[in-house]
Amino acid sequence: MSLKIKVIAPDKTVWDAKAEEVILPSSTGQLGILTGHAPLLTALDIGVMRVRIQKEWIAIVLLGGFAEVENNEIIILVNGAEEVTEINLEEANILLETATNKLREAVTNKDKIEATQNIRKARARVQAITMENNP
């Protein structure tokens with residue numbers, strides 16, 4: 001038995017496949033879902049979703065949203081998502097460094113919040129690519 005997983009961003013369906021297991025970046029920590037999981041609705045944080053298909057793990061960056069689990073089906077509505085194949089590690093590291101510098105220089109609360117969000121996105125990208133290269 002498997003899970004049907006669908007990840008939907010505002011502009012496209014990012015993922016639509018079956019898997020044995022999924023780990024979501026919920027707002028309260030990592031959330032593992034296997035077949036037969038109880039119905040659930042949860043908020044998602046910026047982070048890496050990991051999906052296991054047979055023995056292979058696939059990482060996808062989620063940029064916040066919600067997930068609903070019911071009857072071995074997971075519907076994930078996100079603000080944005082990026083597959084590892086779309087991410088360049090060098091660019092992600094540069095964006096992480098830039099966002100970190102902007103946070104140090106931030107004066108207003110708005111600038112601090114924006115820089116913090118950019119750091120979290122860049123870290124998720126780096127983490128996803130690192131997971132993909134080192135399963």
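All values below were derived from every heavy atom in this structure, side-chain atoms included, with hydrogens, water molecules and symmetry-related copies excluded.
With rounding to the nearest 0.5 angstrom, the CD1 atom of I5 is 10.5 Å from the CD atom of E73. Atoms CG and NZ, on L63 and K121 in that order, are 6.0 Å from each other to the nearest 0.5 Å. Here T108 contributes atom OG1 and E114 contributes atom CD; the two are 8.5 Å apart, rounded to the nearest 0.5 Å. For the atom pair CD1 (I119) and CD1 (I46), the distance works out to 11.0 Å, reported to the nearest 0.5 Å. From Q127, atom CD reaches atom CZ of R120 across 12.0 Å, with rounding to the nearest 0.5 Å. How far CZ of R50 is from CD of E21: 8.5 Å, rounded to the nearest 0.5 Å.
Across E20 and L34, no two heavy atoms sit closer than the pair O-CD2, 3.8 Å. Across all their heavy atoms, A19 and S2 have their closest contact at O-CB, 3.4 Å. Contact detail for A59 and A128: the closest heavy-atom pair is CB-O, 3.8 Å. Closest approach of A124 to G47, counting heavy atoms only: CB-CA, 4.0 Å.
The backbone N or O of P25 sits nowhere less than 3.5 Å from a side-chain atom of D45 that would complete a donor-acceptor pair. At least one donor-acceptor pair under 3.5 Å links the side chain of R52 to the backbone N or O of Q54. Counting only distance, with no hydrogens or angles, the side chain of N88 and the backbone of E90 share a donor-acceptor pair below 3.5 Å. A donor-acceptor contact shorter than 3.5 Å links the side chain of N72 to the backbone of G36.
Two residues are said to be in side-chain contact when any heavy atoms from C-beta on lie closer than 4.5 Å; L103 and K112 meet this criterion. Within the 4.5 Å cutoff, the side chain of V7 has no heavy atoms near those of the T13 side chain. Two residues are said to be in side-chain contact when any heavy atoms from C-beta on lie closer than 4.5 Å; K102 and N118 fail this criterion. E97 is not listed as a side-chain neighbour of T100, based on a closest heavy-atom distance of 4.5 Å or more.
Residues I76 and L40 share a hydrophobic cluster, clusters being chains of Ile/Leu/Val/Met/Phe/Trp/Tyr side chains in contact below 4.5 Å. Follow the hydrophobic side-chain contacts under 4.5 Å out from L62 and you reach I53 in the same cluster. Hydrophobic clustering places V69 together with L31 (ILVMFWY residues linked when any side-chain heavy atoms are closer than 4.5 Å, directly or through intermediates).
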Decide side chain to side chain contact (heavy atoms under 4.5 Å, CB included) for L89 and V126; before the verdict, give the C-alpha distance in whole Å, the side-chain angles of both, and the deciding distance to 0.1 Å.
CA-CA 6 Å; L89 181 58; V126 170; 4.2 Å; yes
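Counted within 6.0 Å of NZ on K4, heavy atoms from surrounding residues, nucleotides or ligands total more than 12; the atom is thus considered enclosed.
Members clustered with I75: I8, L77, by chain and number, using a 4.5 Å side-chain heavy-atom cutoff among hydrophobic residues.
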